[in-house]
2 protein chains.
Amino acid sequence: MKRNTWQREAVKSALDTQDAFVSAQQLHSALRDDGTGIGLATVYRALADLAESGQADSLQSTEGEALYRACTPGQHHHHLICRNCGLTVEIEADAVEQWARKVAAENGFTQPEHVVDVFGLCADCSKPAP
Amino acid sequence: MKRNTWQREAVKSALDTQDAFVSAQQLHSALRDDGTGIGLATVYRALADLAESGQADSLQSTEGEALYRACTPGQHHHHLICRNCGLTVEIEADAVEQWARKVAAENGFTQPEHVVDVFGLCADCSKPAP
DNA sequence: TCCTTATTGATAATGATTGTCAACATCATC
DNA sequence: GATGATGTTGACAATCATTATCAATAAGGA
Ligand SMILES: [Zn+2]
Ligand SMILES: [Zn+2]
Ligand SMILES: [Zn+2]
Ligand SMILES: [Zn+2]
């Protein structure tokens with residue numbers, strides 16, 4: 001049976017305070033800075049569990065790192081992500097959902113899934129340097 | 001100046017024979033099996049160059065590997081990929097392009113880019129086992 | 001042909017992630 | 001509240017894809 005530990009709680013609430021996708025290592029540093037003596041492996045495990053149970057979304061950065069973000073559970077959605085600061089906004093798109101199903105079916109593919117992410121520079125990061 | 005070597009040609013034509021996304025290591029094995037004594041680092045460099053110049057597309061597998069696929073140069077497109085055998089089909093979707101630009105603009109994001117991939121089981125892989 | 005220098009490839013180094021395993025903590029049960 | 005079975009932790013080692021090194025090689029312009 002799954003047990004409740006302060007480590008899992010700590011990872012979950014640390015993730016909740018982030019408005020950007022973060023790596024396991026970043027989160028581990030943040031937790032250490034908060035004075036908790038949590039282990040790195042534990043952070044990796046907790047994040048994997050959260051992703052598994054749908055409480056967090058994950059994506060692979062172009063550098064190959066796995067990044068995590070707390071997300072609205074039980075609701076299919078995608079993300080609009082700032083390339084500079086990581087700020088992330090959840091987006092929905094029924095049109096894209098339907099398109100994905102349609103294009104799969106048209107090509108004889110079954111059990112379609114999809115990866116849809118939009119990257120850009122957020123309003124703040126779009127401002128020219130002073 | 002960029003020089004032409006048989007190694008780069010070999011990687012390019014090996015990639016052209018694949019109808020699926022493949023890793024650098026897979027391609028290196030295939031090239032070694034063909035009797036060429038090409039080095040692994042060279043395959044990595046050639047693939048990076050091909051991706052850089054738009055002659056190949058790349059994506060990160062869920063396991064964190066970088067996968068490559070020869071693609072139609074100079075034409076923006078996405079991919080429909082079989083989760084089982086890797087068979088890959090290029091797809092276009094103006095509607096998705098416009099949606100991505102729109103959702104970015106609506107949230108104050110500039111310089112939008114996007115990642116859109118559809119995964120499923122191809123017709124062959126959808127057939128029940130005999 | 002000669003020479004400059006981009007390229008190669010064997011190998012070491014890197015870095016994120018996972019495996020190991022003894023010590024520990026949770027929680028159903030007493 | 002105490003007990004015990006067992007899920008969990010964390011320091012560390014191991015793994016594995018990718019990148020950096022660097023001496024040897026080979027393109028290709030002169
Ligand atoms: Zn930003
Ligand atoms: Zn979707
Ligand atoms: Zn298939
Ligand atoms: Zn597109």
> Taking atom CZ of B:Arg69 and atom CG of B:Leu47, what is their separation to the nearest 0.5 Å?
Replying inline: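 So the CZ of B:Arg69 and the CG of B:Leu47 are separated by 13.5 Å.
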> Taking the side chain of B:Ala41 as heavy atoms from C-beta outward, which of C:dT7, D:dT6, D:dA20 is closest to it?
Replying inline: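 Looking only at heavy atoms from C-beta outward on B:Ala41, the closest nucleotide is D:dA20.
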> When the ring centroid of B:His76 is compared with that of B:His114, is the distance short of 6.0 Å?
Replying inline: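 Distance test on ring centres: under 6.0 Å, yes.
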>> Is it the case that the base of C:dT7 and the side chain of B:Arg8 share a donor-acceptor contact (distance under 3.5 Å, atom types as modelled)?
In response: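 Looking at the base of C:dT7, it does not pair with any donor or acceptor on the side chain of B:Arg8 (distance under 3.5 Å).
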> If you measure only the distance, is there a donor-acceptor pair under 3.5 Å linking the side chains of A:Ser23 and A:Gln25?
Replying inline: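 Checked: A:Ser23/A:Gln25 side chains show no N/O donor-acceptor pair below 3.5 Å.
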> Which whole-number value in Å describes the distance from B:Trp6 CH2 to D:dA26 C1'?
Replying inline: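 Distance, rounded to whole Å: 12 Å.
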> For the pair made of CD in B:Glu63 and P in C:dA16, what is the distance, rounded to whole Å?
Replying inline: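 These atoms are roughly 19 Å apart.
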> Once you round it to whole Å, what is the distance between C1' of C:dT7 and CD of B:Glu9?
Replying inline: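 Nearest whole value for this atom pair: 14 Å.
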>> So if I take every side-chain heavy atom of B:Arg32 and compare against C:dT7, D:dT8, C:dA10, which nucleotide ends up nearest?
In response: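 Nucleotide nearest to B:Arg32's side chain: C:dA10.
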>> Can you measure B:Lys2 atom NZ to C:dT5 atom C1' for me and round it to whole angstrom units?
In response: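 Checked: the NZ to C1' distance equals 14 Å.
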Each nucleotide N or O in nucleotides 15-18 of chain D that has a protein N or O under 3.5 Å away: list the pair and distance.
| residue | atom | partner | partner atom | Å |
| --- | --- | --- | --- | --- |
| D:dT18 | OP1 | B:Ala66 | N | 2.7 |
| D:dT18 | OP2 | B:Tyr44 | OH | 2.6 |

> Distance check: side-chain N/O of B:Gln7 vs OP1/OP2 of C:dT7, anything under 4.0 Å?
Replying inline: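 Checking B:Gln7 against C:dT7: no side-chain N or O falls below 4.0 Å of OP1 or OP2.
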> Any side-chain heavy atom of B:Thr88 within less than 4.5 Å of one from B:Leu80?
Replying inline: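 In short, these two side chains do not touch, never coming nearer than 4.5 Å.
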> Atom CG of A:Leu47 to atom P of C:dT17: distance rounded to whole Å?
Replying inline: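 Distance check: A:Leu47 CG to C:dT17 P gives 10 Å.
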> Quick one: does A:Val11's side chain get under 4.5 Å of A:Ile38's, heavy atoms only?
Replying inline: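 Of all side-chain heavy-atom pairs linking A:Ile38 with A:Val11, at least one is under 4.5 Å.
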>> Check this one for me: any side-chain N or O of A:Thr5 less than 4.0 Å away from OP1 or OP2 of C:dT26?
In response: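 So the side-chain polar atoms of A:Thr5 never come under 4.0 Å of the phosphate oxygens OP1 or OP2 of C:dT26.
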> In whole angstroms, how far is the C1' atom of C:dA6 from the CG atom of B:Asn4?
Replying inline: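 In whole Å, C:dA6 C1' lies 12 Å from B:Asn4 CG.
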>> I'd like to know if B:Arg45 reaches the base of C:dG9 with its side chain, counting only an N/O donor and acceptor under 3.5 Å.
In response: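 Answer yes: a donor N or O sits under 3.5 Å from an acceptor.
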> In whole angstrom, what separates A:Leu27's CG from C:dT17's C1'?
Replying inline: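 Interatomic distance, CG of A:Leu27 to C1' of C:dT17: 15 Å.
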>> As a quick check of understanding, evaluate side-chain contact (heavy atoms from CB on, under 4.5 Å) for B:Val118 and A:Val103, giving each step before the final call.
In response: CA-CA 9 Å; B:Val118 181; A:Val103 72; 4.2 Å; yes
> In whole Å, what is the span from the CZ atom of A:Arg3 to the C1' atom of C:dT29?
Replying inline: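 Interatomic distance, CZ of A:Arg3 to C1' of C:dT29: 13 Å.
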> Without hydrogens or angle criteria, can the side chains of A:Asp57 and A:His77 be said to hold a donor-acceptor pair below 3.5 Å?
Replying inline: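 A:Asp57 vs A:His77: donor-acceptor pair found between side chains.
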